[in-house]
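Notes follow once the structure below has been shown.
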Amino acid sequence: MSDLRDRSGRGRRAARPETTGSGRRSAPASTGVARHGRLKSGGAVRAVTKMVAGTVAVLLVSGASVGAIAAYQVRSDLGTGVELQAAQGQTTKPAPPSISEYEGGFNILVVGTDNDASQDQGAFGERDATLNDVNILLHVSADHTNATAVSIPRDMVVPIPSCAKEDGSGYYSAMSARPINEAYSYGGLSCVASTVSSLTGLDIPFAGMISFNGVIEMSNAIGGVPVCAATPIKDRYTGLDIPAGETVLSGADALAFLRTRHGVGDGSDLGRISSQQVYLSSLLRTVKSADTLSNPTKLYSLARAAASNMTLSDQLTKIDTMVQIGLALRDLPLDDVNFVQYPGTTGGSGVYEGKVQPDKAVATRLFDAIAADVPFSIPEGSTGIGSQSTATGDGSAAGQAPGAPADTTAPADTAAPTDPGAGAATTAPTTEVIEGLTGQTAADQTCSVAFGSN
């Protein structure tokens, strides 16, 4: 685990092998957030955040009085997009005319990088290479009733296919076992998409990429995201310092929360992923709230922030495609949006020493369900090592003193609806529980767990 806990944040391009709830409060003023640049980008917000918030915002803004102007400006910000070139020996399927015609639903890959030309090197630290440190694959079911966002640990060792060079001069050599966050170094966004497609067995027609600055702009546009900490969380590497209970985070403070690895869980990227899901679930609840959806100015700001801070694949820069995706995401019930972590273990040997080894048995069950477009559920209480449910053993909410009033805004569990004629409760359809899977739904109220609390 030493590599997971103690690695420097400086991205180093690896040598290329020749062969294959207490009261809400605002966060304290940021003082040098992320100044040291030692931590890899943990901004999963740049992932599902941008696709969910951005596409919904584009859809709804286009129907507002500023619709025509917003659509033009957003389209201008998007640019022409990046072509997702197939790896050697692979083919790219032609895009159907509409989202609804993707058999078995559609997939969007969102990539968070820790280095780009517009990044503030003074604030975040200079890096030797651009690494795809956040990789989230979003699957939306064919009937648009449920969705799954799979976070792939940056240190997971996987095969990287023979990706096309970005200058068109040929292909890189395939590699049988490299950390997935090196994929961007071997062909850019296309190579990350090809690598994730090979790993999961799913076609990826859409992809988007964002870095630190985009996280800051998106969190500002939405007006902040409330997050819960079970106990105070401090991290000298990112400058994060938040109390127990609920804090509304925006700007650099939101970025610090998403980047913190040393401050949560066991200090590893696996703990950071489950902590990030605390933010993502709250973010989605915030985006779908009446306060956001009924505010044209906020929606317009979201759309502009998403469009101007992302690099998208060419098929995703089309406004009609984004509107269709927005329609598919708009009415998703929060209970039916799963945030899960790609199953993996640590403590392996050989190529897996100090890295994450895929748990192929659990992963097969997960991606078989996704490929078959079959709903599934996460074992109860399996949020991961960086987060926990707000419900504690004494019945209080995490971050509150025992006996303190619970957060009344949290959705309460309700019994199955009763059919008055039958005089008995109906039974909701059961879904497969995938044992060994960690994560939460977007409706789950969870809190991040400080490092050393477990």
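What's counted below: heavy atoms across the whole structure, side chains too, no hydrogens, waters or symmetry copies.
Residues forming a side chain to side chain contact (heavy atoms under 4.5 Å, CB included) with Thr383 (at least two apart in sequence, or on another chain): Ser387, Thr446. Applying the salt bridge (Lys or Arg N to Asp or Glu O under 4.0 Å) criterion to Asp368, with sequence neighbours excluded, gives no partner residue. In this structure, the side chain to side chain contact (heavy atoms under 4.5 Å, CB included) partners of Asp203, at least two apart in sequence or on a different chain, are Lys93. Qualifying salt bridge (Lys or Arg N to Asp or Glu O under 4.0 Å) partners for Glu435, counting only residues two or more places apart in sequence or in other chains: none. Ser190 is linked by a side chain to side chain contact (heavy atoms under 4.5 Å, CB included) to Leu84, Gln85, counting only residues two or more places apart in sequence or in another chain. Residues forming a side chain to side chain donor-acceptor pair (under 3.5 Å) with Ser162 (at least two apart in sequence, or on another chain): Gln88. Take Ser448 and apply the side chain to side chain donor-acceptor pair (under 3.5 Å) test, not counting sequence neighbours, and it matches Ser275. Residues that satisfy the ring-ring contact (aromatic ring centres under 6.0 Å, His included) test with Tyr102, not counting sequence neighbours, are Phe206. Qualifying ring-ring contact (aromatic ring centres under 6.0 Å, His included) partners for Phe367, counting only residues two or more places apart in sequence or in other chains: Tyr342.
Checked by atom type and distance alone, the side chain of Thr438 never pairs as donor or acceptor with a backbone atom of Gly384 at under 3.5 Å. Looking only at distances, no side-chain donor or acceptor of Asn132 sits under 3.5 Å from a matching main-chain atom of Thr113.
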**Message:** Test side-chain contact (heavy atoms from CB on, under 4.5 Å) on Thr195 and Val158; report intermediate values, then the result.
**Reply:** CA-CA 8 Å; Thr195 301; Val158 302; 3.9 Å; yes
**Prompt:** Checking side-chain contact (heavy atoms from CB on, under 4.5 Å) for the pair Ile152/Val196: CA distance, chi angles, key distance, verdict?
**Reply:** CA-CA 9 Å; Ile152 305 173; Val196 174; 3.9 Å; yes
**Residues Asp235, His262; criterion side-chain hydrogen bond (donor to acceptor under 3.5 Å, both in side chains); working and verdict** = CA-CA 6 Å; Asp235 180 5; His262 296 276; 5.7 Å; no
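Checking Ser194, Pro161, Cys191 one by one against Tyr186, the side-chain contact (heavy atoms from CB on, under 4.5 Å) holds for a single residue, Cys191.
Here CG of Leu316 is found 6.0 Å from CD1 of Ile108. Values are rounded to the nearest 0.5 Å.
For the residue pair Gln90/Ser198, the side-chain donor-acceptor check at 3.5 Å is satisfied.
Within the structure, the salt bridge (charged side-chain N to carboxylate O under 4.0 Å, His left out) test picks out no pair touching residues 336-345 (sequence neighbours left out). Every pair tested for salt bridge (charged side-chain N to carboxylate O under 4.0 Å, His left out) that includes a residue from residues 218-227 fails, sequence neighbours excluded, so the list is empty. Counting only residues at least two apart or in different chains, salt bridge (charged side-chain N to carboxylate O under 4.0 Å, His left out) contacts with residues 274-283 are absent.
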